[in-house]
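Heads up, the thing below is written out as structure tokens.
Counting convention: from 1, in listed order, for ligands and their atoms alike. Any value given below was found using the heavy atoms of this structure, including those in side chains, with hydrogens, waters and symmetry copies removed.
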Amino acid sequence: MQDAITSVINSSDVQGKYLDADALDKLTTYFTTGELRVGAATAISANAATIVKDAVAKSLLYSDITRPGGNMYTTRRYAACIRDLDYYLRYSTYAMLAGDPSILDERVLNGLKETYNSLGVPIGATVQAIQAMKEVTAGLVGPDAGKEMGVYFDYICSGLS
Ligand SMILES: CCC1=C(C)/C(=C/C2=NC(=C\c3[nH]c(/C=C4\NC(=O)[C@H](C)[C@H]4CC)c(C)c3CCC(=O)O)/C(CCC(=O)O)=C2C)NC1=O
């Protein structure tokens, strides 16, 4: 896993240079948004179950997916879906704190699309639910932190698509 700091240091190191203006700019942005990130992470962790529930209500509930024949039908599969959404929220929060998406590649997206395809989990509906989480989260943490979280929700969606 990388973060905004190790990522600029690593890329300066491979060139054998001190941090240039561009690298220092990236670090300044990261440090000045530190409080925003920590505040958002605190609010998200205190409200995670509600965020997931509201996102499901906005996107999946009462659709064919929750009826017989749908992939969320049966309590076991419904619970697996809720659990997956909670993973996406928690790992997006980690990535937002780190200011870097690499943790998503390593711990979430690796092999996920293949798993979903083999189990018949619909990717389009999953993307809709993640987009609904993005909206609900932005409503909770405000537009600036919401935009930052949105980067990582979108990253998961493109990794799945
Ligand atoms: C931390 C990293 C991580 C991820 C991301 C993860 C995902 C993940 N989701 C799974 C299943 C599943 N995922 C879903 C999800 C859904 N079905 C729908 O229709 C909805 C659209 C959607 C929710 C948004 C369902 C229903 C299953 C169970 C499918 C089945 O067993 O038939 C499985 C198969 C094994 C299992 O059932 O636990 C994995 C590995 N596991 C991990 O360890």
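For the residue pair T6 and D3, a side-chain donor N or O sits within less than 3.5 Å of a side-chain acceptor on the partner. With no hydrogens or angles considered, no side-chain donor-acceptor pair links Y73 and R77 at under 3.5 Å.
For Y78, no heavy-atom contact with ligand 1 is shorter than 4.0 Å. Contact annotation for N71 and ligand 1: heavy atoms of both the backbone and the side chain come within less than 4.0 Å of the ligand. Contacts between I82 and ligand 1, counted as non-hydrogen atom pairs separated by less than 4.0 Å, are absent for every part of the residue. The side chain of D84, and not its backbone, has at least one atom closer than 4.0 Å to an atom of ligand 1 (non-hydrogen atoms only; side chain from C-beta on).
When all heavy atoms are compared, the tightest approach of A4 to G99 is CB-O, 4.0 Å. Scanning all heavy atoms of the two residues, the minimum distance from I65 to P122 falls at CD1-CG, 4.1 Å. Of all heavy-atom pairs spanning D86 and A48, the tightest one is OD1-CB, 4.1 Å. In this structure, V121 and N71 approach most closely via the heavy-atom pair CG2-OD1, 3.5 Å.
Looking at atom 23 (C) of ligand 1, its nearest protein heavy atom turns out to be C81 SG, 1.9 Å. In terms of protein heavy atoms, atom 34 (C) of ligand 1 is closest to L119 CD1, 3.3 Å. For atom 31 (O) of ligand 1, the closest non-hydrogen atom on the protein side is R76 NH1, 3.1 Å. For atom 4 (C) of ligand 1, the closest heavy atom belonging to the protein is Y87 CD1, 3.5 Å. The closest protein non-hydrogen atom to atom 40 (C) of ligand 1 is T115 CG2, 3.9 Å.
Y155 has its ring centre no less than 6.0 Å from the ring centre of Y152.
Less than 4.0 angstrom separates some heavy atom of L112 from each of these atoms of ligand 1: 5 (C), 7 (C). In summary, the atoms of ligand 1 found under 4.0 Å from a heavy atom of R107, numbered by their order in the structure, are 1 (C), 2 (C). Listed by atom number, the atoms of ligand 1 under 4.0 Å from Y91 heavy atoms are 1 (C). Close contacts of ligand 1 with T126, meaning ligand atoms under 4.0 Å from a residue heavy atom, involve 21 (C), 22 (C). Listed by number with element, the atoms of ligand 1 under 4.0 angstrom from any heavy atom of M72 are 18 (C), 19 (O), 20 (C). For ligand 1, the atoms lying closer than 4.0 Å to a non-hydrogen atom of Y116 are 9 (N), 13 (N). Of all atoms in ligand 1, numbered sequentially from 1 with element shown, those under 4.0 Å from a heavy atom of I65 are 19 (O).
Atom CD1 of I5 is separated from atom CG of N10 by 11.5 Å, given to the nearest 0.5 angstrom. Between the OG atom of S11 and the CG atom of D20 there is a distance of 8.0 Å, given to the nearest 0.5 Å. Remark: M96 CE to T137 OG1 distance equals 9.5 Å, nearest 0.5 Å.
Salt bridge present: R67 and D64 bring a charged side-chain N and a carboxylate O closer than 4.0 Å.
For ligand 1, the polar-atom distance check finds no N/O of Y88 at less than 3.5 Å from any of the ligand's N/O atoms.
If you check each of G120, A55, A80 against atom 28 (C) of ligand 1, the one with the closest non-hydrogen atom is A80. Comparing heavy-atom distances from atom 36 (C) of ligand 1 across R90, R83, R77 singles out R83 as nearest.
K113 places a side-chain N or O within donor-acceptor distance of the main-chain N or O of S161, the cut-off being under 3.5 Å.
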